[in-house]
Amino acid sequence: MEPANLFTVLRRYWRLLAACTAAALVVGFLLTPAGDAVDNGKWQCKVAITPVAGAADTVRADQVLSYAQGSAVTTAAAQKLQVKDVAGLTARRTVAAESTQMLLFTTTGPTQQSCAELAQALSEATITGYAQESKKSADESIKRLQAQADAQQAQLDELQKSVSRANANDQAKLQPQLSTATAALTKTLGAIADLQNYSQTDAIQQWGSIDAKELGGSLLSSPSRGVRLTLAVVLGLSLGVVAALMLSRMDTRLRSRDGAEEAFNLPVIGEIPRLSRRLRRLHEPLVTARPADPATEAFRSLRSTLLLTGPESLSAQFGQGGLDPDDRRVRRAVEPAPVVLVMSGRSGDGRTTTVANLAAALGETGRQVLVLDCDFRQPELNAHFGMDEGPGMAELLSGEQLTDLVDLIRPTRVPNVALIAGGHATAYPAALVLRAGEVLALARRYADVVLIDSSPLLNANDAYDLVQHADAVLVTLMAGNVRPEEADRVSELLARTGVPVAGVALLGAEVATGRRHRSLRLPGRLGGRPALGPEPDRAELPRPVAAEPSRPEPRPEPRPEPRRPDHRRPEHQRPEHQRAADGRREPVYGAGEGGSRRDGTTSWGRRPAELPPEEPVETTMQLRLGEER
């Protein structure tokens, strides 16, 4: 994996890296003692203890080992070393019986001196303590034997008196008792003498000198909190990187330009960087709220690419300020505005955000853009433009309110952009979309470009029903939201409709990886798969004016030259077709909330002018439920 791709993966899974690092820090903190401890295992010292000469018969190794392992020895060593942490000293020493006549103390320490001092202190404490314990035990035995000797001496004195008073025959009988008493007293006095000698000398002694050697420490064995936490961070990051790479291998969702082009078999005509949470909360298109933001430039790039590869009417001079209002209205009557359907495979693909910002970007070119919110399941376009909810496409298509299209066009704060909101859908949304053909045919007369927001194609059938009324389709994709099989399904459904697809707008784009695949087919001005079926007949759409969109100038002959409207001219001096148009309401097509109508109500659109009387057409349309033309 290339370094750039590795950093992209790590940035994508930064939460996983942070979680692994935090978990490792917690574990390291809990396993490390408070403060900076000392590495007590750097040096090791050994000292042996054996019985003194001649005391091997009286000293028992098990008794000495039991005493050496007791707390009295460690406490005495701590007092000698002036150390208060007795438990710490206990952890630094071990004692074991090497043989029946030898005990071995093993101590550890951060330095050779501290290690040797601890071994010497333990050895002296054991020798001195055991000697004291032995003397104490001997003194108790001497007291007991002394009492026994006193009793024997009294008995012996009584026997001697009896012998002295007895005759010869009785003395012979008492003589064995006198001998036995004398022997017992002698034995007791001998034991007392031995114990007195034993208590006056040491029973055990140190054997040889202290053996010290350096063990050496390591970072892994260091008990220092700083070192342990540093190691925990390194270990946590390593585990996080491994887990991120494994998840990246298992994750097949589309994130890069190459992956999107390969999955959709469509060119990516726009790459929008990921928006921050603060930018996503704006109640205004990013193009107008942050004109210099990199994402705004990306939306402008998408607009330019769409103008170059989309329908010819999009890239025409019409809508770029070269025509006056009357010329604009007459030309709209002859060449209805193109309809661009913005759709996505799944929800969360940035479809509504793209519609709002693309409309604002097109408005910057002078084109008057009409946005239709046909997402009746989750209408959100009004929130993106900072507008309140109100009647819209749902009421218009269901016929619940007998209103005209121009009454529902609402100006926005974005220049040259107006909106028909989604409204409040009370009927089944699929039934509403089936009646959208007449509305879209009429909407072409009120703008230079018509943008449609729809429901996700894989979640609902609304977009598939709307695509037949569009001149071009723009697919949006949020990086990491769609899998290749879902993208292939979207591409297959679009190929069946035969409607030209401009391409894919990739939001939250990442750095492209690998080699670019340039085998995409780009038929005509629009890129995408070739249609699997015949192009649908657009002549069936109920448009107010029948005209060939491919002809550059399909205006009927003879045609009066359009003039600029002059409201100061008398009614009888104005052209007949303008008088007919003025008989209807002619709201001013304005930017922002400043549009006004003659009857005093606000409106965004302006009714298109009718054709000259030489070729009259029907321009009225009643959009009522169940009513046919």
Side-chain angles (χ1 to χ4, degrees), residues 269-290 293 295-296 298-300 302-303 306 339-363 369-390 392-394 410 412-414 417-425 429 432-433 436 440 443 449-467 470 472-482 490 502-509:
I269 63 174
E271 294 183 81
I272 314 300
R274 185 175 297 276
L275 303 180
S276 63
R277 182 173 300 180
R278 180 175 57 88
L279 295 180
R280 292 197 299 267
R281 291 177 177 176
L282 293 175
H283 295 287
E284 186 179 358
L286 187 65
V287 174
T288 57
R290 301 289 189 273
D293 193 83
T296 297
F299 280 115
R300 292 193 181 108
L302 174 63
R303 172 203 64 192
L306 185 63
V339 175
V340 179
L341 174 63
V342 181
M343 59 178 299
S344 64
R346 295 183 56 184
S347 59
D349 275 336
R351 180 189 62 259
T352 304
T353 302
T354 302
V355 170
N357 287 276
L358 184 59
L362 288 171
V369 185
L370 176 59
V371 182
L372 306 180
D373 192 353
C374 293
D375 186 358
F376 303 113
R377 289 169 171 81
Q378 291 181 346
E380 297 178 351
L381 266 175
N382 56 325
H384 281 260
F385 286 101
M387 303 173 64
D388 298 332
E389 297 182 358
M393 294 295 297
R410 301 168 60 186
T412 65
R413 293 193 295 265
V414 181
V417 177
L419 170 69
I420 299 182
H424 305 85
L432 297 178
V433 177
L440 295 179
V449 181
V450 178
L451 292 181
I452 304 177
D453 184 17
S454 62
S455 302
L457 181 60
L458 298 180
N459 297 346
N461 199 50
D462 301 357
Y464 201 67
D465 291 333
L466 288 170
V467 73
V473 175
L474 176 65
V475 181
T476 62
L477 168 66
M478 179 63 69
N481 194 45
V482 176
V490 171
V504 179
L506 178 60
L507 284 78

T476 side chain to D349 side chain, donor-acceptor N/O pair below 3.5 angstrom
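Their side chains do not contain a donor-acceptor pair, so the 3.5 Å distance test is not met.
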
Compare all side-chain heavy atoms of [X] with those of [Y] and state whether any distance is below 4.5 angstrom.
X    : Y    : value
L477 : L507 : no
I452 : L440 : yes
M393 : L372 : yes
V467 : V473 : yes
C374 : L466 : yes
V417 : V371 : yes
F299 : T296 : no
L451 : L474 : no

side-chain hydrogen bond (donor to acceptor under 3.5 Å, both in side chains) involving S454 - partner list, sequence neighbours excluded:
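Once residues adjacent in sequence are excluded, S454 has no partner under the side-chain hydrogen bond (donor to acceptor under 3.5 Å, both in side chains) criterion.
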
Under 3.5 Å, is there a donor-acceptor pair between the side chain of [X] and the main chain of [Y]?
X    : Y    : result
S344 : P456 : no
T288 : P285 : yes
R303 : A361 : yes
N481 : S347 : yes
N459 : R346 : no
D462 : S455 : no

For M387 and T412, run side chain to side chain contact (heavy atoms under 4.5 Å, CB included): C-alpha distance rounded to whole Å, both residues' side-chain angles, the deciding distance at 0.1 Å, then the answer.
CA-CA 8 Å; M387 303 173 64; T412 65; 3.5 Å; yes

Assess the residue pair L306 and L358 against the criterion (side chain to side chain contact (heavy atoms under 4.5 Å, CB included)); give the C-alpha distance rounded to whole Å, side-chain angles, the decisive distance to 0.1 Å, and a yes or no.
CA-CA 10 Å; L306 185 63; L358 184 59; 3.8 Å; yes

Which pair of heavy atoms, one from [X] and one from [Y], lies closest together, and at what distance?
X    : Y    : result
H283 : R413 : O-NH2, 3.5 Å
P379 : G423 : CG-O, 4.2 Å
A443 : V450 : O-CG2, 3.7 Å
G363 : V369 : N-CG2, 4.0 Å
N382 : L419 : CA-CD2, 3.9 Å

Just one of L282, T353, V355 clears the side-chain contact (heavy atoms from CB on, under 4.5 Å) bar with H384, so which one?
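Testing H384 for a side-chain contact (heavy atoms from CB on, under 4.5 Å) against L282, T353, V355 leaves exactly one candidate, T353.
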
Go through the steps for V490 and L457 under the test side chain to side chain contact (heavy atoms under 4.5 Å, CB included), then give the verdict.
CA-CA 7 Å; V490 171; L457 181 60; 4.0 Å; yes

Any residue meeting salt bridge (Lys or Arg N to Asp or Glu O under 4.0 Å) with D375, in chain and number order, not counting sequence neighbours:
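D375 satisfies salt bridge (Lys or Arg N to Asp or Glu O under 4.0 Å) with R351 once adjacent residues are dropped.
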
List in chain and number order the residues that pass salt bridge (Lys or Arg N to Asp or Glu O under 4.0 Å) with R300, two or more places apart in sequence or in another chain; answer none if no residue qualifies.
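In terms of salt bridge (Lys or Arg N to Asp or Glu O under 4.0 Å), with neighbours along the sequence ignored, R300 is linked to E297, E364.
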
Nearest-0.5 Å distance, [atom1] of residue [X] to [atom2] of residue [Y]:
X    : Y    : atom1 : atom2 : value
Y464 : M343 : OH    : CE    : 9.5 Å
T354 : M478 : OG1   : CE    : 7.5 Å
D293 : L275 : CG    : CG    : 7.5 Å

